[in-house]
Q: 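I'd like to ask some things about the structure below.
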Amino acid sequence: MNQRHSISMTVNGEAITMDVPVRMNLVDFLRNELGLTGSHVGCEHGVCGACTLKIDGEMVRGCLMLAVQADGCTITTIEGFADDPRSDRLQAAFERNNALQCGYCTPGMLASALDYIEAGGSTDRTAIRQHISGNYCRCTGYQSIVDAIAQTIEEGQKS
Amino acid sequence: MSGPLTNLDRPNSYIGRTVPRPDAKRLLQGRGQYVDDLQLPRMVHAAFVRSPHAHARVKEIDTTAATSLPGVVAIYTAKDFVDHVTPYVGVLTHLQGLRSAPQMPLATDVVRWQGEPVVMVVAHNRAIAEDACGLIEIDFEPLAEVCDAAAALKDDATIIHPEFDSNLAWERLVDSGDVEAIWDRDDVTVIERDFTFGRHTGVTLESRASLVEFNPADETLTYHYSGQAPHMMQAVLAKHLDLPEENVRLVARDVGGSFGIKIHTYGDDVATAIAARLLRRPVKFVADRMESFVSDIHARDHTVHGRIAVDSSGVIAAMEIDDLTGIGPFSMYPRTSAIECNQILNLTGAPYQIENYRARGRVVFQNKNMMCQYRAVGHPVAMAVADGLLEAAAHEINMDVVAIRRKNLIADTAYPATSAAGMKFDDLSHQRALEKLVSMMDYDGLRQSQEEARERGVYRGIGLVSMVEVTNPSPMFYGVGGASISAQDGATVRLDAAGALHVSSSITEQGQGTNTIIAQIAADRFGVDIDRVKVTTGDTATTPYGGGTWASRGAGIGGEAVLLAAQALRQQVLEIAGTILQAAPDSLDINNGQIVDVEGAATRMSLGELGRIVYYRGNELPNDMMPEMIATRHYRVTDFPFVFTNGAMAAHVEVDPETGFVKILDFWAVEDCGRVINPKLVDEQIRGGVIQGIGGALYEECLYSDDGQMLNASMADYLVPMAAEMPDIHIAHIETPTKTSTLGAKGAGEAGTGGAPAALMNAVNDALRPLDASIYQMPMTPQRILRVLGIGKD
């Protein structure tokens, strides 16, 4: 339980080397050791999607991985997505559509939405709804989020 | 005052306009600040050992192994807290006869529900605290549990609190007119139904979280709070921890959803405050998801027997309900667990003209998690019972469900009006709402396509609800009963030296857009760009005293206080400007941060210049002028116990009789919440509310075994609405401002959750009608639908 391990990774473009307990979740590591509190902990069993991250190009749940499993990986958290101009249009669409209320699901939702858009996802509402069905939002009822994603894709097609 | 409130051509006209939320960018960038994001020096972490039994005696607690675990700072049981907290009892005097037993943060001697906190461990991190919990041995002697609400009232039932003669916590009767004279009349059709509403819970994505610091040097306790009512919790903690109220500060930053879940007194939260005081260092407690399911309040869990009599023309001759609800082993402090039942008695049939109404409500103790107020308290039950009975009666007498509503709704011209249960209504628009709904959904066209679908063997249904929502409560809700819960709210508006406005308000933000509408109202009424308004909420040290955000009261009550304060400050500033400019104050106006002439709108000076004169160059002012540049106003509802809103909703569903699955094809909502301050925010309150209502109607249920174990305490097992199954929702508004305030805003936060289940249940039953089946149990799961179709079993 008390075993520790040294890990190195790139988080939002910064090289990190740290000694961590082997049992520490990746999301707890990012939040508590690196201060990246934008990744939220909602369920700790991979259902709610609030801790969605990008690791080596794949979208993963930060609560279903140990920090030591991310040794050698490249990680992008919401802080990284937010600073990347590729998310500007999506953030503006979320704001315009009020596609967030309490904001707790928002980092994970934004990450999932960005993944859908960058993979060439269509404006089909059913397809968007399917894609974000791993992200729980209690406040909005999802419609405004679907609107924001669809509008971002439409804008991208025009530009 | 310059012109009507919603003149959108006026400069700085924000009331009635969709304005994006200033908070949105921050939250989108992951820069929110929720309680668990805070790290304080010397902070330690709490975890709890919770009861694995629904009912048991605590015989011995052995903490030896846990105490010696490195990293453990303290371990507490109930007896360690005896001298540091006084027990609390969840009763209110106006709920006459309501009783409950004293409660302590940790279970003393007896545990009464699975999940009740028994031992608290504080350690250097949460993982070590949980390790220590695993090393604590508790010798429980199981006691006979009472889980079923009806069984709890039987003579041979185990009595949960031996000091009481039964498990009955409260009973209320309403008897208006003479229902008995109606049932046997030859000219009426009587319909009876048994309704069952499952238990559900809020599942806020941010779980309950507390971070409490205590400074022994000045005896101050600072509670970083994820909740809705900072001043209420300040009073509760001060009273039960025996601290001067002014020494207790509650600070809420971002709150990750609340819905009524985060407004109650939870033992683990109180224990966190006590531990912080005893340890003289910050203690953090964040509930994990399983803890949330077994300790966040649950709601609904009602069984209602309902009866309606209608005459041959469809007029309601009588309505009667008998409601039974189990509330867990205690009444929750300080709001009590009798309110939901009370609301059901008050609200059932409230949209309709009913002369003869009788209702009985019984609230009983049981060995399940505690129940209390959750979004739309009582409304989903009241609306589903009344409109379920009404639509069943309509079909019985071959009358259309819209026609029977037209026959019975209280007329828009009849206000003020009083319902059979004694509710006072004004400024409602049931008839217009229904007509707008019917036209928006193309009711007749939908009925036609329904017929065509039936011919193809496709079972579609249309269901409606006409509803009221309790909003803007007066002191008659809680304060009158002795609770430290404020029904009034305050706002302070201050002009700074640079010409910007600072507003601090006692209502709170949990995502609704509270801070946005505060800025809108202040900017609009004072006369500055909304970007020049900075809003503070959530902090008892810096905001006026007030209730917070619950019961759909923030905009209507807190918003009115902001309006009054902004107008008062405007008047002050115009007087100062008049003196400086040698002009009559009423010849001046404030537009876009400039003092202008009313006639011709010529700019006379900027607010920044006025600020600099007042704050830096006061020598230019007359000696007898000491400007304040700050105004505070408070507001409460006085003429009515509540300001009701109304709405009408409809669902279109398709039921697959082979699988029992319900697909929502469409959903419409017409809402009259009075003055709409921000149309987008209101629409999103309705949408989110409807989806939460759909959750309760189709998916969500806290399932318990017979011996009181919650069976689905995880998000993998407790089904919440996810994006793929949810429909888009069409919304329309009617605006009938309430006459109780200048702003005219009523509440909008709970209507969707209150109305949607009734519309869905009626739609499902409409779909099932050709199959001679009906369902009056929520959630309407595929299994239950198959069962009413005669397929399968429990």
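Chain letters run A, B, ... following the sequence lines, proteins first, then strands; residues in each count from 1.
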Q: Can you tell me which of A/L36, A/N97, A/T77 forms the most heavy-atom pairs within a distance under 4.5 Å of chain B?
A: A/N97

Q: Are the side chains of B/V203 and A/Y136 in contact, using a 4.5 Å heavy-atom criterion?
A: yes

Q: Looking at A/A99, A/S87, A/S133, A/S39, which makes the most heavy-atom pairs under 4.5 Å with chain B?
A: A/S133

Q: Output the option from A/L100, A/T126, A/T106, A/D147 having the highest count of non-hydrogen pairs under 4.5 Å with chain B.
A: A/L100

Q: Can you measure from CE (B/M726) to CD1 (A/I145) and round to the nearest 0.5 angstrom?
A: 13.0 Å

Q: Quick check on the interface: out of B/L205, B/I691, B/L27, B/V286, who has the most heavy-atom pairs with chain A under 4.5 Å?
A: B/L205

Q: Looking only at heavy atoms, what is the nearest atom pair of A/C43 and B/R289, with distance?
A: O-CB, 3.7 Å

Q: Can you say whether A/D83 sits under 4.5 Å from chain B via the side chain, the backbone, both, or neither, judging by heavy atoms?
A: side chain

Q: Which atom names give the shortest non-hydrogen contact between B/V255 and A/C102, and what distance separates them?
A: O-CB, 3.4 Å

Q: Could you look at A/V41 and say if it's the side chain, the backbone, both or neither that has a heavy atom under 4.5 Å from chain B?
A: backbone

Q: At a heavy-atom separation under 4.5 Å, does B/R687 approach chain A through its side chain, its backbone, both, or neither?
A: both

Q: In the structure I gave you, are the side-chain heavy atoms of B/M722 and A/Y142 within less than 4.5 Å of one another anywhere?
A: yes

Q: Which heavy-atom pair separates A/E79 from B/G30 by the least distance, and what is that distance?
A: OE2-O, 4.1 Å

Q: At a heavy-atom distance under 4.5 Å, which candidate from B/E509, B/Q692, B/Q510 has the highest pair count against chain A?
A: B/Q692

Q: Just give me the residue among B/G688, B/S292, B/S258, B/P70 that pairs up with chain A most often, heavy atom to heavy atom, under 4.5 Å.
A: B/G688

Q: Of the backbone (N, CA, C, O) and the side chain (C-beta and beyond), which part of B/T18 lies under 4.5 Å from a heavy atom of chain A, both, or neither?
A: neither

Q: Are A/R138 and B/E700 close enough for a salt bridge, meaning some N to O gap below 4.0 Å?
A: yes

Q: Tell me, do A/D28 and B/R126 make a side-chain contact under 4.5 Å, heavy atoms counted?
A: no

Q: Check B/D37 against A/R31 and note the closest heavy-atom contact, atom names and distance.
A: OD1-NH2, 2.8 Å

Q: Take A/I78 and B/R31 through the side chain to side chain contact (heavy atoms under 4.5 Å, CB included) test and state the conclusion after the steps.
A: CA-CA 9 Å; A/I78 183 63; B/R31 296 175 191 278; over 6 Å; no

Q: Hey, which of B/P721, B/P727, B/A723, B/G752 has the most heavy atom pairs under 4.5 Å with chain A?
A: B/A723

Q: Any donor-acceptor pair under 3.5 Å linking the side chain of A/H45 with the backbone of B/M715?
A: yes

Q: Quick one: of B/G695, B/G202, B/G257, B/G513, who has the most non-hydrogen atom pairs under 4.5 Å with chain A?
A: B/G202

Q: I need the residue from A/M24, A/R125, A/H131, A/E44 with the largest number of non-hydrogen atom pairs under 4.5 Å to chain B.
A: A/R125

Q: With a cut-off of 6.0 Å (strictly less than), are more than 12 heavy atoms of other residues, nucleotides or ligands near CZ of A/R96?
A: yes

Q: Of all the heavy-atom pairs spanning B/L28 and A/L110, show the shortest one and how long it is.
A: CD2-CD1, 3.7 Å

Q: Return yes if a side-chain donor-acceptor contact under 3.5 Å exists between A/T140 and B/E684, otherwise no.
A: no

Q: What is the minimum heavy-atom distance between B/I729 and A/Q143, and which atoms define it?
A: N-OE1, 2.6 Å

Q: Among B/Q512, B/M290, B/E206, which residue forms the greatest number of heavy-atom pairs with chain A at distances under 4.5 Å?
A: B/E206

Q: Considering only heavy atoms, which portion of B/D23 lies under 4.5 Å from any heavy atom of chain A: side chain, backbone, both, or neither?
A: neither

Q: Stepwise, does the side chain to side chain contact (heavy atoms under 4.5 Å, CB included) test hold for A/Y104 with B/D254?
A: CA-CA 9 Å; A/Y104 206 77; B/D254 292 308; over 6 Å; no

Q: Taking only Lys NZ, Arg NE, NH1 and NH2, and the carboxylate oxygens of Asp or Glu, determine whether B/R21 and A/E95 approach each other closer than 4.0 Å.
A: no

